[in-house]
Amino acid sequence: MYGAFATQQGNCSNHMFQVPHSCKKDPVILDLTPEAAPENRTEGCCQSGLLSAWSVVPSKSFSSFEIQVGGLGKMTTVHPPVNLTLLGPGPGYTCGPVSDAEPTVSSDIGGKRKVQVFRTWKSTCTYSAFLANKSPVCCASLSSFYNPTVTSCPMCSCGCSEAKQNTSSCISPGNAHPNSRDDTDVLQCTDHNCPVRVHWHVKNNYADHWRVKLTVSNYNYKRNYSNWNILVQHPGFNQSSKAFSFNSTMLPTVGFEDEVALFWGYDSYNNELLQANHDQLGSVTTEILLEKDADSFTLSNGWAFPRKIYFNGENCQMPLPDTFPMLPNHDVGLHPPPLGFLLLLTLLSLKQLLD
């Protein structure tokens with residue numbers, strides 16, 4: 001095997017001289033690290049089992065390994081693998097049946113020669129947050145410049161067990177920092193009881209643009225989130241936008257009713273969402289400037305807030321629409337003043353000074 005390894009060798013007592021890497025019929029195979037020795041590597045291997053999102057780092061969005069199968073005797077028919085299971089890590093992925101595909105073709109001799117394999121099979125594995133987690137891991141809160149009310153995460157977004165109690169899994173702000181050495185997550189006690197909160201604040205309304213502040217907070221005292229990403233679904237992204245402190249890109253809208261933007265941190269700057277400590281939460285934040293679409297932009301009826309938010313692929317629990325910050329009864333100050341009005345104020349001020 002090259003580019004990966006089987007976790008168990010199994011019973012290879014029938015092989016006296018050339019002992020195989022594994023003799024199990026259902027081996028568990030793990031990816032090698034990037035530091036693997038050259039003799040154990042193969043092309044496109046060795047990502048430590050960590051696959052980046054294709055939109056973020058395409059070169060690290062795949063991994064491969066090779067297996068040489070022996071002991072086939074006179075068998076001429078090659079059968080596809082069965083019972084394929086993907087752990088990435090933990091549960092959540094369900095793999096479909098292995099089916100025939102067009103034989104894979106690769107380049108050789110600097111692209112001058114095409115080499116085709118004997119057979120190719122494929123299986124598509126789909127992810128379900130419900131299978132991976134019995135309760136959500138993220139929630140969203142909302143606020144705006146035109147309403148002092150902050151819409152918090154829904155109560156018990158990620159479960160209600162032991163909320164607001166100093167227990168092994170929940171500690172109130174200001175109390176002693178957890179010192180347990182096991183892998184159990186310890187959160188700051190909150191009404192939502194989620195390890196991660198995403199906050200969307202509508203900050204400014206300009207003549208041709210509007211501005212949002214996006215903040216991701218970590219309530220977990222024992223876990224950092226490396227190479228995190230945020231997916232935001234909002235119709236406002238059908239116009240040009242700019243994130244000032246995050247990387248960003250637009251994704252294909254297949255399966256989504258509205259435009260979808262992907263955000264992630266800069267390497268060695270904010271691509272790691274640090275754990276909470278005794279003094280403060282771990283957090284990363286950016287402001288986003290969005291161009292207005294004159295036909296659709298409005299501050300009414302909660303239009304300026306996201307339809308859905310995902311953190312690391314996990315759906316964040318959104319507040320109900322009837323709890324969104326709403327416009328006041330009058331909209332004074334919500335629309336940018338016209339230029340003529342600004343000039344009039346300036347002239348009046350100068351006249352008052354001269355008098």
Which heavy atom of A36 sits nearest to which heavy atom of R41, and what is that distance?
O-CD, 3.4 Å

Co-membership, hydrophobic cluster, residues Y310 and Y219, 4.5 Å side-chain:
no

When you look at C158 and C194, which way does the disulfide bond (SG atoms under 2.5 Å apart) test go after all the steps?
CA-CA 5 Å; C158 300; C194 292; 1.9 Å; yes

Determine whether the aromatic ring centres of residues F145 and W210 are separated by less than 6.0 angstrom.
no

Are the side chain of N301 and the backbone of W303 linked by a donor-acceptor contact shorter than 3.5 Å?
no

Do L274 and V284 belong together in a cluster built from hydrophobic side chains that touch within less than 4.5 Å?
no

Provide the closest heavy-atom pair for A276 versus N218 in the form atom of the first, atom of the second, distance.
CB-O, 3.4 Å

Identified side-chain hydrogen bond (donor to acceptor under 3.5 Å, both in side chains) partner of K292 from the options N205, T298, D208
N205

Less than 4.5 Å apart, side chain to side chain, heavy atoms only: is that true for M1 and I67?
yes

SG-CG distance between C153 and N193, expressed to the nearest 0.5 angstrom:
11.0 Å

Nearest heavy-atom neighbours spanning F311 and C138:
CB-SG, 3.8 Å

Using atom types as modelled and distance alone, determine if a side-chain donor or acceptor of Q9 lies under 3.5 Å from a backbone N or O of P20.
yes

Tell me whether L281 is reachable from L214 by hopping between hydrophobic residues (I, L, V, M, F, W, Y) whose side-chain heavy atoms are closer than 4.5 Å.
no

Tell me whether T42 contacts the main-chain N or O of Y2 through its side chain, where contact means a donor paired with an acceptor under 3.5 Å.
no

Please give me the minimum heavy-atom distance between I288 and F263, naming the atom from each residue.
CD1-CZ, 3.7 Å

When you compare the side chains of D31 and Q47, does any donor N or O come within less than 3.5 Å of an acceptor on the partner?
no

Evaluate the criterion side-chain contact (heavy atoms from CB on, under 4.5 Å) for residue pair K213 and T285; output intermediate values, then yes/no.
CA-CA 7 Å; K213 185 175 182 180; T285 187; 3.4 Å; yes

Let's go through E259 and H234 carefully: what are the C-alpha distance in whole Å and the side-chain angles of both, what is the deciding distance for side-chain contact (heavy atoms from CB on, under 4.5 Å) to 0.1 Å, and is it a yes or a no?
CA-CA 6 Å; E259 302 298 322; H234 193 288; over 6 Å; no

How far does CE of M250 sit from OG of S241, to the nearest 0.5 angstrom?
6.5 Å

Side chain to side chain, P154 and H192, heavy atoms closer than 4.5 Å:
no

Indicate yes or no for a side-chain donor-acceptor contact from S63 to the backbone of G49 under 3.5 Å, with no hydrogens or angles considered.
no

Supply the atom-to-atom distance L289 CG to H209 NE2, rounded to the nearest 0.5 angstrom.
5.0 Å

Working to the nearest 0.5 angstrom, can you tell me the gap between S245 OG and Y269 OH?
5.0 Å

Working to the nearest 0.5 Å, report the span between OG1 of T151 and CZ of F305.
6.5 Å

If two hydrophobic side chains count as joined below 4.5 Å and joins carry through other members, does V137 share a cluster with L273?
no

Spacing of C46 atom SG and N40 atom CG [to the nearest 0.5 Å]
8.0 Å

The single option from K242, K203, H201 passing side-chain hydrogen bond (donor to acceptor under 3.5 Å, both in side chains) against E287
K203

Would you kindly say whether the two SG atoms, from C316 and from C139, are closer than 2.5 Å?
no

Going by atom types only, do T120 and T104 share a side-chain donor-acceptor pair under 3.5 Å?
yes

Taking the six-membered ring for Trp, are W54 and F62 closer than 6.0 Å centroid to centroid?
no

E314 side chain reached by V196 side chain, heavy atoms, under 4.5 Å:
no

With a 4.5 Å cut-off on side-chain heavy-atom distances among I, L, V, M, F, W and Y, is there a chain of contacts connecting L86 to Y127?
yes

State, yes or no, whether a side-chain contact exists between T323 and L142 at a heavy-atom distance under 4.5 Å.
no

Identified side-chain contact (heavy atoms from CB on, under 4.5 Å) partner of I309 from the options M318, Q317, H199
M318

Are any of the side-chain heavy atoms of Y225 and P195 separated by less than 4.5 Å?
yes

Would you find more than 12 non-hydrogen atoms of other residues, nucleotides or ligands less than 6.0 Å from F237 atom CZ?
yes

Enclosure of Q18 CD (heavy-atom neighbours >12, cutoff 6.0 Å)
no

If only atom types and distance count, is the side chain of W121 paired as donor or acceptor with the main-chain N or O of H79 below 3.5 Å?
no

Go through the side-chain N and O atoms of K114 and S107 and say whether any donor and acceptor fall under 3.5 Å apart.
yes

So, the side chain of N147 versus the backbone of M326: is there a donor-acceptor pair under 3.5 Å, distance only?
yes

Does any part of the side chain of K308, heavy atoms only, come nearer than 4.5 Å to the side chain of V260, both counted from C-beta?
no

Without swapping roles, check the side chain of T94 against the backbone of T126 for a donor-acceptor pair under 3.5 Å.
no

Is it true that atom CG of N83 has more than 12 heavy atoms of other residues, nucleotides or ligands lying nearer than 6.0 Å?
no

Non-hydrogen atoms of S143 and P325 that approach each other most closely
CA-CG, 4.0 Å

Kindly say whether S226 contributes a backbone atom to a donor-acceptor pair with the side chain of N224 at under 3.5 angstrom?
no

For the student: nearest non-hydrogen atoms of V98 and P81, plus distance:
CG2-O, 3.4 Å

